[in-house]
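All values below were derived from every heavy atom in this structure, side-chain atoms included, with hydrogens, water molecules and symmetry-related copies excluded. Naming: A, B, ... by sequence-line order, numbering from 1 per chain.
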There are 2 protein chains.
Amino acid sequence: MAGRGAERGTVDRILDTAEVLFAQKGFAETSLRAITSKAGVNLAAVNYHFGSKEALIQAVFERFLDPFCARLDGLLTELETNSGSVTLERLLATLSQSALAVQKGEPHRVAIFFRLSGLAYSQAQGHLRRFFREHYGEVFRRFLEQLALAVPEVPPMEMFWRVHFALGATIFTLSGMDPLRAICRSDFAVEVLPQQVEERLLAFLAGGIRAQLPAS
Amino acid sequence: MAGRGAERGTVDRILDTAEVLFAQKGFAETSLRAITSKAGVNLAAVNYHFGSKEALIQAVFERFLDPFCARLDGLLTELETNSGSVTLERLLATLSQSALAVQKGEPHRVAIFFRLSGLAYSQAQGHLRRFFREHYGEVFRRFLEQLALAVPEVPPMEMFWRVHFALGATIFTLSGMDPLRAICRSDFAVEVLPQQVEERLLAFLAGGIRAQLPAS
DNA sequence: ATGCGTTTCAAACGTTTGTTTGGGAGGCGC
DNA sequence: GCGCCTCCCAAACAAACGTTTGAAACGCAT
């Protein structure tokens, strides 16, 4: 099967390496040879265990998204039972909690994952977009439902757009988290922790979602 | 030289085609053969006129960014002379005006360009990022200066992050403008014009930038 | 020990990639 | 006419790609 106890199995070594390399250089720019040689496994191992490069890419996302969505799903049902009192800030915090809880111990992998998400959104218009919609569309829909309850003054279609604005700010920022922190270090001589970035981001998102409606 | 009057020259045909194909599929996923065959020019024309594929990519950006930054530069000096009364909304509107004015007659190319920007930010960590910083860093810095004057209640470092949040929301949304409008059409049975998206986006950004500061 | 299913491996496969080559049009000065 | 420069073209180039192959190595029942 896998996992001989001490050292990790071939499948996990491939996933770990692919995750990092994809995030660094993109999907098309990362060759299977680069992955397998850095992971210390044979080139043919990818096609043997995953079937194809496309399947490997999906497996990388699945390994993060499955537990994330399960966690988010649980937290959402919790919120739904204590209905009425869900605030916007609480909802946004639920999201980031789900992401952080899944990656407990390796918070830097959250940045890697968002970087991958940004890539996925830009590139590979076809198979990845379908994959996301089919596997995780339901949880997303439930989240939107709660959002509408929390901020009733924003009409549905306006909220649709604002959610995507917020999604963009999140993915874009967390994609480039490390370079941005480096700029912050050199320009302001201040070390900013990822958690502080998260706080700032959530404040920005809340402000944007609750912004005054445009005259139309 | 170029331009025999009636039909466009080889260089422009390559740029026009590359722009569209890059936006559709990404840089690495678009081969020179795909570009040249669709443009109706010889394969070797790219290396002859531009030198390499990397140089072609930069040329595509240059063709849009040079006039855009020139326009923005002019509008900024206008604002600087009538100092004191620059509002945040006015500054944001200046940005989108610059983008639209440059592409007068072909507003859909603005979406293409933002899609390219999103790709550039995700992929190609090296040469494109340097290219942007070296060529257009100065105008960006001046814009930040005006922004600090318009919203003095937000401290510099906080503003630094919020600008990037806003940048992310913009690039991400305009990258996927057409698919998002399609979803809007099917889910809400409403046709949304790009200009309306811009209005909504600007409202969101203004709200986010002026958001209450997080407790820190 | 024997047999079987799983996993690993080096090597090769056929494509596709970006780039280079050498020659041939076409225009222009002289 | 000739020489020169710019541009275009079909063809070939070497390299890198994802994938496939067939055999060797392993673990583990019987």
Heteroatom pairs (N/O) under 3.5 angstrom, protein to nucleotides 18-20 of chain D:
unit_1 : atom_1 : unit_2 : atom_2 : d
D/dG18 : OP1    : A/K53  : NZ     : 2.7
D/dG18 : OP2    : A/L32  : N      : 2.9
D/dG18 : N7     : A/R33  : NH1    : 2.8
D/dG18 : O6     : A/R33  : NH2    : 2.8
D/dT19 : OP2    : A/N47  : OD1    : 3.3
D/dT19 : OP2    : A/K53  : N      : 3.0
D/dT19 : O5'    : A/N47  : OD1    : 3.4

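Without hydrogens or angle criteria, B/S98 side chain to B/F68 main chain gives no donor-acceptor distance under 3.5 Å. Side-chain atoms of B/R162 come within 3.5 Å of backbone atoms of B/I209 as a donor-acceptor pair (strictly under, hydrogens ignored). Judged by distance alone, the side chain of A/R13 and the main-chain N or O of A/R8 form a donor-acceptor pair under 3.5 Å.
Using modelled atom types, one finds a donor on one side chain and an acceptor on the other under 3.5 Å when comparing B/Y136 with B/D66.
In this model, the phosphate group of C/dT7 is not approached by any side-chain N or O of A/T10 to a distance below 4.0 Å at OP1 or OP2. For A/H49, a side-chain nitrogen or oxygen approaches OP1 or OP2 of C/dT8 to under 4.0 Å.
B/D73 meets the side chain to side chain contact (heavy atoms under 4.5 Å, CB included) test with B/V139, B/R142; sequence neighbours excluded.
Whole-Å rounding puts the B/F50 CZ to C/dG18 P distance at 15 Å.
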